[in-house]
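Working notes, beginning with the structure itself.
Computed from a predicted structure; not experimentally measured. Residue numbers begin at 1 in each chain, while the letters A, B, ... track the order of the sequences. FYI, side chains are in, hydrogens and waters are out, and symmetry mates aren't considered; it's all heavy atoms of this structure.
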Amino acid sequence: MTYAESLIAREIVAEALGCPIEDVPCEAKVGSLPQWDSIAHVSIIAAAEERLGRMMTAEEIASFETVGSLAALFGAAHREDES
Amino acid sequence: MKKLQNIIVTERFRLEPISRWRAFCLSYAWTKDVELIRSYTGSAARRSPWKWYREMVRPNNRTKFAHAIMPHGQEDPIGLHFIEMRPYRSAYLAIAISDRHWWGKNVVQEVRKGIIAHIFENTPVDRLCTYVRSRNFPSIFNNRKLGFSHVGTLHRAKQDPVSGEVHDFLIFELFRDEWERRTWEES
C-alpha cells in the first residue's frame, strides 16, 4: 500500500463520515469511529466502487476490515490495471 | 436450551420468544416487501404461504427459536431474530428489521449483543455463524462490528429469479472465547 492509496482510502472514509481526514487513521477498523454506522458504511462502499469504476467482488467486500485494507484494495486494482 | 425461551431485555427492546405460527404470520408479510426479502433471503421471488412456511426457520423451542423484537412500551414487533442450533455446539443466527422507521438506528447491534450474551451465558454453544449476501453491506458491517470473522464465501450460490442476479454469500463466525475477550476488553 502506497501513501497515495492510503490517502484515497482515508479521504473516502472521512467524506462518508463527515470528519477531517486526520481523524481517520489507516488502522481504524470498520465501525470503530463514532460516526461509522451501517449507513455510512454503505456510502463508503459506494464511493469505493465509484473510484474503482466497477463493483467490488465478494472477496474484496469481505477483506474490507480496516481503512488500510481498503487502501490495499486500491493498490491491487491499480496493479491489475497496469498489467 | 430452555433459557432460550426466556424474554431477553436490552436497553430499548424486549426480545420475546414466539411460536412457529406467530413467526410465520409476522414473517410472511416480509415476502411482499421486495427490498426486505431480497436482503434477508437473496431472492425477491413471490412466495405462496406454503412455500414461505417451508423456507422460513420454523421455531420448535428445542433447536430453533424466534424472538420478536418489541420496543419498550410497544406491542407491535419491529422485526424478528432467529436462532438455529446445529452440531457441533453451533448456533446459526438470522435477523430482519421489518419496520423501516428503525433502519439505521443501531437495532441489529443492540439486539444481537443481547442475544449473543444470552446464548453464551445459558447454553453450551461455542460457535456462532451467519450467512450474509455479499451485497448486504449493512449486515456485513454489523457482523464486523460485533467481532465476527469472515471465514469463507459461497460463490454464485443463489439466483434471484426476479432480477436475474446471481449472489455470493459470505460466511461469518464468532467463537465464545473471542466474544468473552471482546466484552472483557470493552469493560
- Message: If we define contacts as heavy-atom pairs under 4.5 Å, which of A/T57, A/I39, A/D37, A/I44 has the most with chain B?
- Response: A/D37
What do you reckon, is [atom1] of [X] surrounded by more than 12 foreign heavy atoms closer than 6.0 Å?
X      : atom1 : result
B/R54  : CZ    : no
B/E178 : CD    : yes
A/R51  : CZ    : no
B/H101 : NE2   : no
B/R182 : CZ    : yes

- Item | Engaged part of B/R135 at the chain A interface, taking heavy atoms whose separation is under 4.5 Å |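 Only the side chain of B/R135 comes within 4.5 Å of chain A.
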- Contact origin within B/H155 toward chain A - heavy atom pairs under 4.5 Å: side chain
Please report the closest heavy-atom contact between [X] and [Y], naming both atoms and the distance.
X      : Y      : answer
A/W36  : B/F141 : O-CZ, 3.1 Å
A/S38  : B/G104 : OG-CA, 4.4 Å
A/F64  : B/R144 : O-NE, 3.5 Å
B/L170 : A/A58  : CD2-O, 3.8 Å

- Message: With a 4.5 angstrom heavy-atom cut-off, is it the side chain or the backbone of A/E49 that approaches chain B, or both, or neither?
- Response: side chain
- Item | A/E65 with B/K145: basic N within carboxylate O range, under 4.0 Å | no
- Task: Please round to the nearest 0.5 Å and tell me the distance separating atom OG of B/S139 and atom NE2 of A/H41.
- Result: 10.5 Å
Hey, quick one: are [X] and [Y] part of the same hydrophobic cluster, counting side-chain heavy atoms closer than 4.5 Å, chains of contacts allowed?
X      : Y      : value
B/L36  : B/L26  : yes
B/F24  : B/M70  : no
B/L146 : B/V151 : no

- Validation row: B/H150, A/I61 side chains within 4.5 angstrom (heavy atoms): no
